[in-house]
Amino acid sequence: MGLLTGLFDHTRLLAMTADTTLPSYWLNWRFLLCAIWIFVAIVFSALVIWRYEGRNKSRNRQRVDEREAEVCLYEDEVWGTCSKLVHPIWLLAYRIGAFSALLALLLADIITNGVGKFYFYTEWTFTLVTIYFGLGSSVSIQGCLRYYHQVKPEQDCYNRTDAEGGSYIPPTLGENSDMLSHTVSLNHQSETNHRTAASVQGYALQIVFQMCSGAVVLTDSIFWLMIYPFLTAKDYRINYLIVCKHSLNAVLLLGDASLNSLRFPFFRMAYFVLWTGIFVIFQWIIHACVSIRWPYPFLDLSSPYAPLWYLAIGLLLFPCFGIFSLVFWIKRRFLSR
């Protein structure tokens with residue numbers, strides 16, 4: 001523990017003293033190795049996205065295996081819930097509530113601290129989660145309206161048929177339950193042979209969700225396990241906004257994950273890697289122009305441990321993304337019983 005604390009202190013000291021505008025800061029073996037890590041990660045992620053998202057799979061349509069089924073996304077899965085017992089309107093209400101809370105906190109943070117807060121990865125992630133719930137609310141509203149227009153005519157037809165036959169009897173509790181199960185099955189159209197593929201908006205929602213999943217775990221775990229215990233000043237005090245930005249986003253996203261019926265293909269971790277890589281390059285450009293303190297000391301390239309830090313954070317992306325992947329695996333196993 002003493003060695004780890006000393007390493008953190010050394011990194012923090014360098015982050016406060018190094019002049020990032022000097023050519024010598026960038027023209028060295030440390031930056032070269034870190035640039036190689038970032039370049040390889042971005043190129044590999046782009047290739048993975050092209051492999052799974054960009055290529056036309058119609059030639060292999062006759063061999064639809066589990067991997068392809070996992071990649072496909074259907075329209076009803078974007079706004080529907082994971083269980084027939086949960087009406088889609090509950091997911092809509094949850095997403096609207098989450099969006100309202102996150103947007104209020106985001107605006108309060110910007111008003112209090114200014115747009116300079118977007119200098120930090122935390123603010124990027126918090127904004128992305130807010131965008132997800134805003135987009136999710138819009139998609140859920142469209143889905144619930146479509147759901148209502150599909151269910152209502154069937155219910156009217158059911159009642160009209162009995163009334164015309166002169167034998168209309170108000171449905172009992174059991175019959176009501178059966179009719180509810182029948183109508184809710186529209187929320188899970190897997191029982192039918194005809195399913196509509198998700199729109200671009202639906203795929204965008206799924207991609208943003210998976211980016212958020214890895215980013216919130218990375219942000220919150222680094223803050224609570226690394227930055228707050230080791231890299232903050234002794235007189236540093238956390239406030240309500242800081243706690244919310246490093247906890248509420250993950251809690252709300254986990255709640256959405258437990259309700260929604262989205263799929264979670266692991267290859268879309270590539271978007272999360274791209275998101276993180278873009279942030280690092282953004283920081284490099286800023287520090288090459290202006291000598292200011294790094295938002296996170298382990299990003300400082302003057303430290304002899306910089307390549308190890310960059311590699312360690314890069315490897316940390318896998319368990320961060322894997323946590324939500326595990327959540328979806330557990331949910332799928334539970335619902336299959």
Side-chain angles (χ1 to χ4, degrees), residues 7-8 10-49 115-129 131 207-208 210-228 230-231 245-246 249 267-322:
L7 178 59
F8 284 135
H10 177 69
T11 304
R12 180 173 56 188
L13 179 62
L14 287 172
M16 294 167 53
T17 59
D19 186 355
T20 61
T21 60
L22 296 176
S24 58
Y25 186 87
W26 303 95
L27 302 178
N28 53 68
W29 64 273
R30 298 184 301 274
F31 174 70
L32 177 62
L33 281 179
C34 294
I36 290 175
W37 302 152
I38 299 298
F39 177 78
V40 170
I42 289 178
V43 171
F44 183 75
S45 299
L47 290 176
V48 169
I49 292 172
V115 294
K117 294 296 291 184
F118 287 96
Y119 180 65
F120 296 91
Y121 186 81
T122 299
E123 208 72 17
W124 285 37
T125 300
F126 199 84
T127 303
L128 188 66
V129 177
I131 291 173
I207 290 170
V208 173
Q210 294 195 253
M211 290 169 61
C212 292
S213 300
V216 296
V217 177
L218 177 65
T219 301
D220 297 354
S221 60
I222 286 183
F223 179 81
W224 292 112
L225 300 178
M226 185 184 301
I227 295 178
Y228 182 67
F230 300 106
L231 299 178
K245 288 195 303 180
H246 296 91
N249 50 4
F267 82 89
R268 288 207 173 96
M269 177 185 171
Y271 290 99
F272 170 40
V273 175
L274 283 179
W275 174 260
T276 307
I278 290 173
F279 174 80
V280 173
I281 295 175
F282 168 76
Q283 290 294 328
W284 286 353
I285 294 174
I286 290 179
H287 286 82
C289 300
V290 182
S291 183
I292 55 178
R293 184 171 179 170
W294 288 89
Y296 308 104
F298 46 80
L299 291 178
D300 181 34
L301 295 166
S302 63
S303 170
Y305 303 104
L308 293 178
W309 276 119
Y310 275 71
L311 182 61
I313 298 299
L315 294 177
L316 186 61
L317 301 185
F318 286 92
C320 289
F321 190 83

Atom pairs and distances, donor-acceptor, side-chain atoms in residues 213-222, under 3.5 Å, two or more places apart:
residue: Ser213; atom: OG; partner: Phe209; partner atom: O; Å: 2.8
residue: Thr219; atom: OG1; partner: Thr125; partner atom: OG1; Å: 3.3
residue: Thr219; atom: OG1; partner: Ala215; partner atom: O; Å: 2.8
residue: Ser221; atom: OG; partner: Val217; partner atom: O; Å: 2.6
residue: Ser221; atom: OG; partner: Leu218; partner atom: O; Å: 3.2

Considering all heavy atoms, the nearest Ile38-Gly277 contact:
CG2-O, 4.5 Å
Pairwise distance CG(Leu316) to CE(Met226) - rounded to 0.5 angstrom
7.0 Å
Please list, chain by chain and in numerical order, all residues satisfying side chain to side chain donor-acceptor pair (under 3.5 Å) with Trp284, sequence neighbours excluded.
Tyr310
To the nearest 0.5 angstrom, please state how far the CD1 atom of Ile292 sits from the OG1 atom of Thr21.
11.0 Å
Grab the two heavy atoms, one from Cys34 and one from Leu301, that are nearest each other, plus how far apart they are.
SG-CD2, 3.7 Å
Exercise: identify the closest heavy-atom pair between Met211 and Trp275:
CE-CE3, 3.5 Å
List the atom pairs, donor and acceptor, that lie under 3.5 Å between side-chain atoms in residues 115-122 and the rest of the protein, sequence neighbours left out.
residue: Tyr119; atom: OH; partner: His287; partner atom: NE2; Å: 2.9
residue: Tyr119; atom: OH; partner: Arg293; partner atom: O; Å: 2.5
residue: Tyr121; atom: OH; partner: Thr276; partner atom: OG1; Å: 3.1
residue: Thr122; atom: OG1; partner: His246; partner atom: NE2; Å: 3.3
residue: Thr122; atom: OG1; partner: Tyr296; partner atom: OH; Å: 3.4

For Leu225 and Phe230, the nearest pair of non-hydrogen atoms, with its separation, is O-CE1, 3.6 Å
N/O donor-acceptor pair under 3.5 Å between Arg268 side chain and Ile207 backbone
no
Once side chain to side chain donor-acceptor pair (under 3.5 Å) is applied, do any residues pair with Gln283, and if so which ones, sequence neighbours excluded?
none
Heavy-atom count around Phe282 CZ within 6.0 Å, excluding the residue itself: above 12?
yes
Min side-chain heavy-atom separation Ile49-Leu274 under 4.5 Å:
yes
To the nearest 0.5 Å, atom CG of Leu128 lies from atom CZ of Phe126 at 11.5 Å
With respect to Tyr25, which candidate in Thr20, Asp19, Asp300 satisfies the side-chain hydrogen bond (donor to acceptor under 3.5 Å, both in side chains) definition?
Asp300
Residues two or more places apart in sequence or in another chain: which of them pass side chain to side chain contact (heavy atoms under 4.5 Å, CB included) with Ile36?
Leu32, Val40
Are any of the side-chain heavy atoms of Pro297 and Trp309 separated by less than 4.5 Å?
no
Ile281/Ile42 under side chain to side chain contact (heavy atoms under 4.5 Å, CB included): CA gap, chis, key distance, verdict:
CA-CA 11 Å; Ile281 295 175; Ile42 289 178; 3.6 Å; yes
Leu311: side chain to side chain contact (heavy atoms under 4.5 Å, CB included) partners, not counting sequence neighbours:
Trp37, Leu315
Shortest non-hydrogen pair, Pro295 vs Phe279, comes out as CG-CZ, 4.4 Å
After noting the C-alpha distance and the side-chain angles of Val48 and Val273, does the key distance pass the side chain to side chain contact (heavy atoms under 4.5 Å, CB included) rule?
CA-CA 11 Å; Val48 169; Val273 175; over 6 Å; no
